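Report on the structure given below.
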2 protein chains.
Amino acid sequence: MSDRARHIPEATVARLPVYLRSLAELVDDKIATVSSERLAEMAGVNAAKVRKDLSYLGSYGTRGVGYDVEYLLFQMSRELGLTHDWPVAIVGAGNLGSALANYGGFTQRGFPVVAMFDADRAKVGRRVHGVLVHHTDDIVELAAELGIGIGVIATPASAAQDVADKLVAAGVGSVLNFAPTVITVPEGVSLRKVDLALELQILSFYQEHREPAG
Amino acid sequence: MSDRARHIPEATVARLPVYLRSLAELVDDKIATVSSERLAEMAGVNAAKVRKDLSYLGSYGTRGVGYDVEYLLFQMSRELGLTHDWPVAIVGAGNLGSALANYGGFTQRGFPVVAMFDADRAKVGRRVHGVLVHHTDDIVELAAELGIGIGVIATPASAAQDVADKLVAAGVGSVLNFAPTVITVPEGVSLRKVDLALELQILSFYQEHREPAG
DNA sequence: GGTTGTGAACAAATTCACAGCG
DNA sequence: CGCTGTGAATTTGTTCACAACC
């Protein structure tokens, strides 16, 4: 239907959730209208970028006035696919997987954790934050059955690619990888990664190269 | 000393740790030499990018042969500042902060967690994975005393900016923010963020816009 | 007057393609 | 002959600057 938003740049897509959060704050504060400048400040970017980014969604602002907070929030939620829930499965019920399951933020933001999987039979049958742990052998069958769209990988690196393959076989369209290894997914499946140690190593570089003091 | 690597692009810096991990795997497998093509495959990028990235570090390859794995690993570790440890403090001893402290990967990769901080007096004095929890009021004093270079923020969003300010006041040069909010640090301080819900929201966008099937 | 929306200018990052060297 | 290292071309992303509009 909406032919407006034809191909939004990746960099813009990655910023939309930040704007969304800012808009949610404004709603909480009962603020009805916001300028690109104010929104930029809240999102930690500059105003030109906000306007360019928002323009990909459509012309939702009013010149001389700004953007209607609630209207923009709604349009952005719709564009991000956040007007409905996306059931999520977490694979790996170890430290990290359990922490993710216990972290309420997922369910609260529309990503209910509906299943967990682990390769360790001793963990199968347990519940983490109310979510039942299944065996990884059952990913393909169960994830498909439960209509899981997004899979979260929180396994050791050695298991990650195999798990990703199973998730894809189950019809999962998006994968969020926490395992410290590169995994690949077929064309058409989205993949993002969060690598904790890697982030520290990047910071280490800048730490090492601070102010040449010359 | 080395005047070679004058200003490495950010995008390249963010990939260096991925190459580093690949090189470590090759060392484990007792492989002495690697081509840009092979390294690219392991790192999930293309060969041209590998060569361009590595060229910023210096001319460490041999034409017709490839790169000496151990030598490149050493040079890269040095460039990334990973030849010595970087003591880290984690602020926020809740679910996430505790999971991060318990996650052995940090210490193991040269980022020993030497202190934790929390605003809740009930948590102060406890130990998480052997690390003592202090009160956030003592960040400035203690972080400076302990020579902490990198601070990890794992607090609720509402506390994050205040904590960041304290860390900076303590002389911390790098901040890794897990709180779901935008924080700012002064010029010269490095900042990276990991936002779990945000990653899922980005995936939701692509999930929502899968295959227009036209 | 004030603020958006957007072409045009600029900057960063990626990819190509090949000379140069082992 | 094979593979690196790198200029040049291309693509992607950012910022400027201003016309259009409320």
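In what follows, chains are A, B, ... by sequence order, proteins preceding strands, each numbered from 1. These numbers come from the heavy atoms of this one structure, side chains and all, not from hydrogens, waters or symmetry mates. The structure presented is a predicted model; accordingly, all values stated were derived computationally and were not measured.
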To the nearest angstrom, how far is Asn46(A) atom CG from dC10(C) atom C1'? 14 Å

Donor-acceptor under 3.5 Å (Asp85(A) side chain, Pro87(A) main chain): no

Asp165(A): what forms a side chain to side chain donor-acceptor pair (under 3.5 Å) with it, not counting sequence neighbours? Gln161(A)

Of the non-hydrogen atoms in Val175(B) and Val172(B), which two are nearest, and what is the gap between them? CG2-CG1, 4.3 Å

Does anything in residues 11-18 of chain A come within less than 4.0 Å of DNA chain D? Heavy atoms only, and list the residues if so. Ala11(A), Arg15(A)

Pull out every protein N or O sitting under 3.5 Å from an N or O of nucleotides 3-7 of chain C, one pair per line with the distance.
unit_1, atom_1, unit_2, atom_2, d
dT3(C), O4', Gly64(A), N, 2.9
dT3(C), O2, Gly64(A), N, 3.1
dT4(C), OP1, Ser36(A), N, 2.6
dT4(C), OP2, Ser36(A), OG, 2.6
dT4(C), O2, Arg63(A), NH1, 2.9
dG5(C), OP1, Tyr60(A), N, 3.3
dG5(C), OP1, Gly61(A), N, 2.9
dG5(C), OP2, Tyr67(A), OH, 2.8
dG5(C), O4', Arg63(A), NH2, 3.1
dG5(C), N7, Arg51(A), NE, 2.9
dG5(C), O6, Arg51(A), NE, 3.3
dG5(C), O6, Arg51(A), NH2, 3.1

Can you give me every donor-acceptor pair (side chain of residues 139-152 of chain A, partner residue at least two apart or in another chain, under 3.5 Å) with its distance?
none

With distance as the sole test, does Ser77(A) use its side chain to make a donor-acceptor pair with the main-chain N or O of Leu73(A) at under 3.5 Å? yes

Between Leu39(B) and Ser22(B), the two heavy atoms sitting closest are CD1-CB, 3.7 Å

Please report the distance, rounded to the nearest Å, between NZ in Lys49(A) and P in dA11(C). 15 Å

Looking only at heavy atoms, what is the nearest atom pair of Thr136(A) and Lys166(A), with distance? O-CD, 3.6 Å

Evaluate the criterion side-chain contact (heavy atoms from CB on, under 4.5 Å) for residue pair Leu54(B) and Met76(B); output intermediate values, then yes/no. CA-CA 9 Å; Leu54(B) 296 186; Met76(B) 200 175 288; 3.5 Å; yes

Please identify the 5'-most and 3'-most nucleotides of DNA chain D with any atom under 4.0 angstrom from a heavy atom of chain A. dG13(D) to dC22(D)

Pairs flagged by ring pair (Phe, Tyr, Trp, His ring centres under 6.0 Å) wherever residues 159-203 of chain A is involved - sequence neighbours left out: none

Report yes if some heavy atom in the side chain of Phe111(B) is under 4.5 Å from a heavy atom in the side chain of Ser204(A); otherwise report no. yes

